[in-house]
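All remarks here apply to the structure that follows.
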Amino acid sequence: MLRNHKIVDHIRLIILFTIIYVILNERLTWLTVSLGVASGFAAIMLTNKILEIDYVEMFHINLWLVLTYFWIIIRDTYTAGFDVLLRTLKGNVTPNVITYKSQLQDEMLLVLLANAITMPPGAITVDREGDEMTILTVGYAEEEFLQTTHEKIEKLLGKFDSGIGEV
């Protein structure tokens, strides 16, 4: 039973690595997917061999949470892009510096949160010290920005264990 669970975990990682490979190559073909699968398999095996660790045990990745995180980033990039465009056309692009204190404690999750804030247009994390971030926004009210950041991103990241764990 334990062996089957480990195989499923390896397959999940290979699927995740394949998705990333396809995105980086910007084309969805049988060749790209096949190379993604081969690269993912090779990356896991070489990591296990060279670092003498079990990659799957070291990095527990919940595929659905990762895909949800990617979906939020992609969706927010487009919606924020149109929002910033409309704010620019209306002349409502006043810079606003916001201090955001995260409830996350894990270093990796804090980096993912800062990255998720910076990816969409209209906001950039300019400094982070511990769990406190300084964010420069264009035209967003502080309350609006803090609420949506907490509801969309931090709540999702809070579902991860320490590191990138399974729920």
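Since we're looking at a predicted model, the values are computed, not measured.
Using a 4.5 Å heavy-atom threshold, the side chains of Ile117 and Met133 count as touching. Side-chain contact check for Gln105 versus Leu110: every heavy-atom pair is 4.5 Å or farther apart. Two residues are said to be in side-chain contact when any heavy atoms from C-beta on lie closer than 4.5 Å; Leu67 and Trp71 fail this criterion. Residues Val22 and Val33 have side chains in contact (heavy-atom distance under 4.5 Å, counting atoms from C-beta outward). Contact check for Leu156 versus Ile72: side-chain heavy atoms found under the 4.5 Å cut-off. By the 4.5 Å heavy-atom criterion applied to side chains, Asp131 and Gln103 are not counted as neighbours. The shortest distance between side-chain heavy atoms of Val138 and Pro95 does not fall below 4.5 Å. Contact of the Leu157 side chain with the Glu154 side chain is not registered, since no non-hydrogen atoms from C-beta on lie closer than 4.5 Å.
Atom CG of Leu35 is separated from atom CH2 of Trp30 by 13.5 Å, given to the nearest 0.5 angstrom. To the nearest 0.5 Å, the span separating OG1 on Thr137 from CG on Asn96 amounts to 4.0 Å.
Closest non-hydrogen pair, Thr47 versus Ala43, comes out as OG1-O, 2.6 Å. Here the closest heavy-atom approach between residue Gly122 and residue Val84 is recorded as CA-CG2, 3.6 Å. Across all their heavy atoms, Pro120 and Ala80 have their closest contact at CB-CB, 3.8 Å. For the residue pair Asn48 and His10, the shortest heavy atom distance occurs at ND2-NE2, 4.2 Å.
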query: Would Tyr78 and Asp83 satisfy side chain to side chain contact (heavy atoms under 4.5 Å, CB included), going step by step from the backbone distance to the final call?
result: CA-CA 9 Å; Tyr78 284 100; Asp83 186 51; over 6 Å; no
What side-chain donor-acceptor pairs closer than 3.5 Å can you find for residues 13-21, not counting sequence neighbours?
from: Thr18; atom 1: OG1; to: Ile14; atom 2: O; distance (Å): 2.7
from: Thr18; atom 1: OG1; to: Gly36; atom 2: O; distance (Å): 3.4
from: Thr18; atom 1: OG1; to: Val37; atom 2: N; distance (Å): 3.3

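Panel note: side chain Thr134, backbone Val126; no donor-acceptor pair is recorded below 3.5 Å.
At a cut-off of 3.5 Å, with distance as the only test, a side-chain donor of Thr125 or Thr118 sits close to an acceptor on the other residue. Counting only N and O atoms by type, the side chains of Glu132 and Thr99 include no donor and acceptor under 3.5 Å apart.
Under the 4.5 Å side-chain heavy-atom criterion for Ile, Leu, Val, Met, Phe, Trp and Tyr, Leu104 and Ile135 are members of the same hydrophobic cluster. Note: the hydrophobic cluster containing Leu112 also contains Phe70 (ILVMFWY, side chain heavy atoms under 4.5 Å, direct or indirect links).
Considering only residues two or more places apart in sequence or on other chains, Glu107 meets the side chain to side chain donor-acceptor pair (under 3.5 Å) condition with Arg128.
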